[in-house]
Student: 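Structure below; questions to follow.
Residue numbers start from 1 in every chain, and the chains themselves are labelled A, B, ... in the order their sequence lines are given, proteins ahead of strands. Scope of the values below: all heavy atoms of this structure, side chains included, with no hydrogens, waters or symmetry mates. Model, not experiment: these values are computed from the prediction.
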Protein chains: 2
Amino acid sequence: MTRMPPGTRARARAETTRAILDEARRQLAEQGAAALSLRSVAREVGMVSSAVYRYVASRDELLTRLIVEAYDAVGERAEAARDPEAPPRAQWRAVWRAVRSWGLEHPAEYALIYGSPVPGYAAPAETIPAAGRVGLLLAAIVAEHGQAPPGDGESDGESDGVLLEGLLPGVAPPLVLPAIAAWTQLFGTVGFELFGQYENVVVDRAAFLDAVADTAASSVGLPPS
Amino acid sequence: MTRMPPGTRARARAETTRAILDEARRQLAEQGAAALSLRSVAREVGMVSSAVYRYVASRDELLTRLIVEAYDAVGERAEAARDPEAPPRAQWRAVWRAVRSWGLEHPAEYALIYGSPVPGYAAPAETIPAAGRVGLLLAAIVAEHGQAPPGDGESDGESDGVLLEGLLPGVAPPLVLPAIAAWTQLFGTVGFELFGQYENVVVDRAAFLDAVADTAASSVGLPPS
DNA sequence: GGTTGTCAAGAGCACTGCTCTCGCTGTGTG
DNA sequence: CACACAGCGAGAGCAGTGCTCTTGACAACC
């Protein structure tokens with residue numbers, strides 16, 4: 001491996017890297033992912049374009065880093081919004097709202113991670129764990145407070161093989177599929193709002209999300225508030 | 001207005017325009033929207049780049065045309081899939097499946113219309129009607145076969161002001177919000193599949209969509225099959 | 001103190017969207 | 001039937017992009 005001198009050299013490098021990432025995120029937020037130009041980032045940071053390549057291998061790698069940071073940002077925001085002591089449905093709603101408000105504040109970053117993948121660019125594997133955070137958070141709430149619907153004796157044969165084996169270990173089997181559907185619904189709804197699909201359709205988007213969240217909460221067996 | 005000679009000139013113009021749009025869609029499908037270059041379209045069609053501007057005002061206008069065509073394509077596919085004589089849930093499922101299979105066949109076009117909006121580009125108003133086709137189709141099924149849930153006396157005050165007034169005229173008021181949620185769920189699920197979010201999560205995506213569709217069908221009051 | 005390696009800078013290649021000007025050619029009209 | 005004009009394709013050119021390679025300087029380590 002490479003030597004790692006803990007001296008000032010490494011510190012300077014870290015600072016420059018941060019400056020580049022910060023400026024890149026700024027441009028991303030202002031003009032969208034496609035308008036993100038390595039040259040203009042360099043210009044703004046105060047170096048020549050070729051120097052940036054010392055810190056970032058390519059434009060794609062820059063985007064990848066921004067993607068991971070964005071996933072972590074939503075995940076963190078959602079986790080912070082959840083109060084484990086609150087009633088289940090309140091926790092659930094808080095997470096939904098947190099995702100929405102993060103998206104409203106960072107539409108370009110939201111589009112980067114939940115919109116169409118950047119063309120000609122396959123999300124590298126390192127983004128996968130970060131991508132699951134919000135989903136796991138929802139799953140944790142379901143695992144703790146979700147009650148499988150009564151009745152319906154044993155007709156659970158249909159869900160075999162649909163989902164990955166062993167996904168969401170703590171969640172009651174009949175609730176796994178509804179949980180995935182709810183997770184999808186959350187990002188589908190926020191995405192539709194952000195991408196303009198609710199133009200002339202939904203007026204009060206916050207209330208709409210609450211309503212959808214509540215229906216989803218019922219589908220994963222959260223007790224009524 | 002401009003003169004419009006119905007001679008061979010106009011025919012040639014129409015043909016060239018079609019050739020440009022076809023080639024553009026071909027490139028879109030192969031490499032994604034960002035890689036769509038007016039110059040390479042021109043090259044492939046056999047003219048110089050500046051000549052293309054006689055037919056298409058800008059790259060953005062080209063994208064807009066592709067967007068409208070894509071919306072129409074999904075809409076048409078979905079409408080064709082619905083057999084009005086079939087049982088309600090079969091109609092419903094057919095539409096969901098049609099949207100999914102169209103998306104699988106045309107992922108880049110799907111991303112273009114349901115993914116993040118192309119950066120620095122606001123969807124012009126002319127795309128709005130085309131964008132609503134699938135939604136209206138779902139609404140038609142709900143209007144015809146959806147039965148509002150019994151009981152629940154008159155607690156419909158909460159949904160006031162959330163959605164646009166007079167949206168989906170034929171649909172029973174308590175079913176309007178679930179219908180919008182179902183419409184969102186459809187594209188959220190297909191989008192999540194196409195954009196790779198179900199990697200290592202959902203194995204049998206077709207069966208998963210069917211299951212979600214069925215739950216959604218219940219939420220909009222379609223009678224059990 | 002010398003050597004080594006990391007760094008910023010610059011030039012350069014191939015590409016992009018878009019504009020403008022130049023001639024040719026087919027078209028509808030006088 | 002001839003002509004003037006609109007429509008068209010070609011080319012040059014501007015400003016910008018991602019990325020590579022080479023060059024020279026400076027600082028960090030042995």
Side-chain angles (χ1 to χ4, degrees), chain A residues 1-21 23-24 26-28 30-66 112 118-122, chain B residues 1-21 23-24 26-28 30-67 112 118-122 124:
Chain A
M1 302 302 174
T2 67
R3 209 91 42 84
M4 37 183 301
T8 64
R9 203 87 182 207
R11 152 169 289 115
R13 182 175 181 82
E15 278 175 14
T16 306
T17 306
R18 261 265 63 85
I20 290 176
L21 284 178
E23 174 61 24
R26 216 182 54 76
Q27 294 198 6
L28 170 69
E30 275 188 2
Q31 307 149 10
L36 177 66
S37 137
L38 235 138
R39 276 179 127 111
S40 79
V41 168
R43 212 176 299 133
E44 221 65 27
V45 169
M47 37 186 195
V48 88
S49 72
S50 58
V52 181
Y53 285 88
R54 300 260 166 196
Y55 299 89
V56 158
S58 67
R59 186 180 177 269
D60 275 6
E61 198 212 279
L62 214 187
L63 278 176
T64 301
R65 296 209 193 179
L66 292 179
L112 188 61
V118 178
Y121 159 90
Chain B
M1 305 300 172
T2 67
R3 209 91 41 85
M4 41 181 302
T8 63
R9 203 86 181 205
R11 152 169 290 116
R13 181 174 182 84
E15 279 175 13
T16 307
T17 306
R18 262 264 63 84
I20 290 176
L21 284 177
E23 175 60 24
R26 215 182 54 75
Q27 295 198 5
L28 171 69
E30 276 188 1
Q31 307 149 9
L36 176 65
S37 135
L38 235 140
R39 276 180 128 111
S40 80
V41 168
R43 212 176 299 134
E44 219 65 27
V45 169
M47 33 188 202
V48 86
S49 73
S50 59
V52 182
Y53 285 87
R54 302 264 168 193
Y55 299 89
V56 159
S58 68
R59 198 190 104 106
D60 276 5
E61 200 213 277
L62 213 188
L63 278 177
T64 301
R65 295 208 193 180
L66 293 178
I67 286 175
L112 187 61
V118 178
Y121 157 90

Student: Could you check if a side-chain atom of A:Q27 sits within less than 4.5 angstrom of a side-chain atom of A:E30, using non-hydrogen atoms only?
Tutor: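 Not touching, per the 4.5 Å side-chain cut-off.
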Student: Phosphate oxygens OP1/OP2 of D:dG18: is one of them under 4.0 Å from a side-chain N or O of A:S58?
Tutor: no
Student: Which one, D:dG18, C:dC18, C:dT16, comes nearest to the side chain of A:R59?
Tutor: D:dG18
Student: With a 4.5 Å limit on heavy-atom distance, are the side chains of B:L62 and B:L21 in contact?
Tutor: yes
Student: So do the side chains of B:Y53 and B:L38 get within less than 4.5 Å of each other, counting heavy atoms only?
Tutor: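 In short, these two side chains touch, coming nearer than 4.5 Å.
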Student: Could you check how far CZ of A:R11 sits from P of C:dT6, rounded to whole Å?
Tutor: 19 Å
Student: Take A:R39 and B:R39, find for each the nucleotide of DNA chain C with the closest heavy atom, and name the residue whose nucleotide sits nearer the 5' end.
Tutor: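 Checking each residue's closest nucleotide, the 5'-ward one belongs to A:R39.
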Student: Measuring to OP1 and OP2 of D:dC8, would you say a side-chain N or O of B:R13 lies under 4.0 angstrom away?
Tutor: yes
Student: Is the shortest side-chain N to carboxylate O distance from A:E15 to A:R18 below 4.0 Å?
Tutor: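 Salt bridge between A:E15 and A:R18, a charged N being under 4.0 Å from a carboxylate O: no.
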Student: Compare all side-chain heavy atoms of A:V52 with those of A:V45 and state whether any distance is below 4.5 angstrom.
Tutor: no
Student: Nearest whole angstrom, please: distance from the C1' of C:dG17 to the CD of B:Q27.
Tutor: 14 Å
Student: Under 3.5 Å, is there a donor-acceptor pair between the side chain of B:R54 and the main chain of B:R13?
Tutor: no
Student: Pull out every residue in residues 44-53 of chain A that has a heavy atom closer than 4.0 Å to any atom of DNA chain C, ordered by number, or say none.
Tutor: A:M47, A:V48, A:S50, A:A51
Student: For C:dA8, take OP1 and OP2 only and decide whether either is under 4.0 Å from a side-chain N or O of A:Y55.
Tutor: yes
Student: Out of C:dT21, D:dT22, C:dT16, which has the shortest distance to the side chain of B:R54?
Tutor: C:dT21
Student: Expressed in angstrom and rounded to an integer, what is the separation of B:R43 atom CZ from D:dA10 atom P?
Tutor: 14 Å
Student: Quick one: label B:L62 by what it contacts on the DNA or RNA (base, sugar-phosphate, nothing), any heavy atom closer than 4.0 Å.
Tutor: nothing
Student: Mind grabbing the angle between the end helix axes of the helix from C:dG1-D:dC30 to C:dG30-D:dC1? Five pairs an end, 10° rounding.
Tutor: 0°
Student: Which value, rounded to the nearest 0.5 Å, describes the distance between B:Q31 atom CD and B:R26 atom CZ?
Tutor: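 Taking CD in B:Q31 and CZ in B:R26, the distance rounds to 8.0 Å.
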Student: Whole Å only: how far is the CD atom of B:E61 from the P atom of C:dC18?
Tutor: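 Those two atoms, CD and P, are 10 Å apart.
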Student: Give the minimum heavy-atom separation between B:T16 and B:M47, together with the two atoms involved.
Tutor: CG2-CE, 3.8 Å
Student: Looking only at heavy atoms, what is the nearest atom pair of A:V41 and A:A24, with distance?
Tutor: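 The answer is CG2-CA, 4.0 Å.
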Student: Which is more 5' along DNA chain D, the nucleotide nearest A:S37 or the one nearest B:T16? Just name the residue.
Tutor: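 It is B:T16 whose nearest nucleotide is closer to the 5' end.
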